[in-house]
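Throughout, residue positions are numbered sequentially from 1 according to the sequence presented.
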Amino acid sequence: GEESRYPVLYTVDGQWYFSIAGSVVGGLYYDRGARESIIVGITWDGDEDNANRLRVEDFTPTNMEFAAGSGKADSYLDFLQFELIPYMARNYRTSEDRTLSGASFGGLFTLYCLFTRPTVFTDYLASTPSVWWDDGVLRKYRESFLNMVLPSPVRLYVARGEMEYTRHGIDVFVNELKAAGHHNLEIEFDVIKGAGHGGLNPEAFTRGMQFIFKKKRIKIDEKQLASYAGTYKDPSSGLDIEIRSIDGNLHSMEPQTGTALQLVAVGENLFYVANAGAEVSFSFDKNERVTHMNLKTESGELKFERNGKKWGQRKRNGVTH
């Protein structure tokens, strides 16, 4: 088969966030909530003091007097777009899925990249972004972004800590962006309970990656999905589980809690319950009728028997048998 290719998560301020990002994606992968990925942390030579100075220069789109050397975001973006991403493509099996993530000034930089060069990455994670910079100059770039036509959908995740001083500015900025409603931008915004400006990042990465990796991997024919829908009996507890097709996706309805868990399609007959560490597939008889649902978790495999007369049939070459 074709060699596997991997999505890449680029995080700026790698001196702080490389280990967090790797740990988060590893945990989500275990839960089948993320694909296997390549993590790239970007930082500077020298000590942390040096990084503290350089990040203000490299992550800011405009120069402000109080911060000597600020305003170099464009040349930093050039480095990512024309050097680092091509270098990764030459040396690693990278896919076209690329996430840029950053926090604070790194979050400002992440939004600046989205607004000025939205197609360099497919997904953006901005934790507690410094939208206050230069009297909110980011709004100017946001306006031009809203007039751009994006060839394919882009996802943006933004988080802030509940206890932050700058909370109001971030809320207003994100709500304005949501209200403007760009046709190809999907936004999720979280307030991390009890967290301040530094403490929100592990959770912001976790929730952000859950949102970004939730991407529908493949689209399945509605009739095919309908053939999987139905009620299945859990052999161990005798409980029924109902599989429904809602808005072009399969969902598992849990009788105890009444919740609907989405099954993410990764193959014609292979679904993940993202972030639950479970995999679902279906079995057929010789007439291509669905007989069982198979649930695979870390602790083993279960076969659920299909109930009732309404057997689903698998579609083959556009013909229902």
Donor-acceptor pair between Thr62 and Trp133 side chains, under 3.5 angstrom: yes
Any donor-acceptor N or O pair under 3.5 Å, side chains Tyr112, Asp74: yes
Check: Ser237/Asp234 side-chain N/O donor and acceptor closer than 3.5 Å: yes
Gap separating the CG atom of Leu114 from the CZ atom of Arg155, nearest 0.5 angstrom: 14.0 Å
Between Tyr232 and His292, ring centroids under 6.0 Å: no
Atom CZ of Phe189: over 12 foreign heavy atoms under 6.0 Å: yes
Sub-6.0 Å ring centroid separation between Tyr76 and Phe59: yes
Any side-chain donor near an acceptor of the partner, Ser127 and Asn201, under 3.5 Å: yes
Whether Phe121 and Tyr124 hold their rings parallel, tilted or perpendicular, with breakpoints at 30° and 60°: perpendicular
Criterion salt bridge (charged side-chain N to carboxylate O under 4.0 Å, His left out) on Glu57 and Arg53, from CA distance to verdict: CA-CA 7 Å; Glu57 294 184 13; Arg53 184 175 53 78; 3.4 Å; yes
Tyr228 and Phe271 aromatic ring geometry - parallel, tilted or perpendicular at 30°/60° bounds: perpendicular
Asn52 and Arg55: side chain donor to acceptor below 3.5 Å: no
Check against salt bridge (charged side-chain N to carboxylate O under 4.0 Å, His left out), Arg142 and Glu176: CA-CA 10 Å; Arg142 187 181 68 193; Glu176 286 170 355; 2.7 Å; yes
Distance, nearest 0.5 Å, that separates CD of Glu36 from OG of Ser95: 12.0 Å
Residues Asn307 and Glu305: side-chain donor-acceptor under 3.5 angstrom: no
Glu298 atom CD: more than 12 heavy-atom contacts under 6.0 Å: yes
ILVMFWY network linking Leu125 to Val131, side-chain heavy atoms under 4.5 angstrom: no
Under 3.5 Å side-chain donor-acceptor pair for Thr291 and Ser283: no
Short side-chain donor-acceptor distance under 3.5 Å, Tyr157 and Asp190: yes
Neighbour count above 12 (heavy atom, 6.0 Å) for Asp135 CG: no
Verify same cluster id: Phe18, Met88 (apolar side-chain graph, 4.5 Å): no
Pair Trp16, Glu48: side-chain N/O donor-acceptor within cut-off below 3.5 Å: yes
For Lys303 against Asn294, the heavy-atom pair lying closest together: NZ-OD1, 3.0 Å
Ring centre gap for Tyr141 and Phe115 strictly below 6.0 Å: no
ILVMFWY cluster, Leu54 and Leu100 together (side-chain gap under 4.5 Å): yes
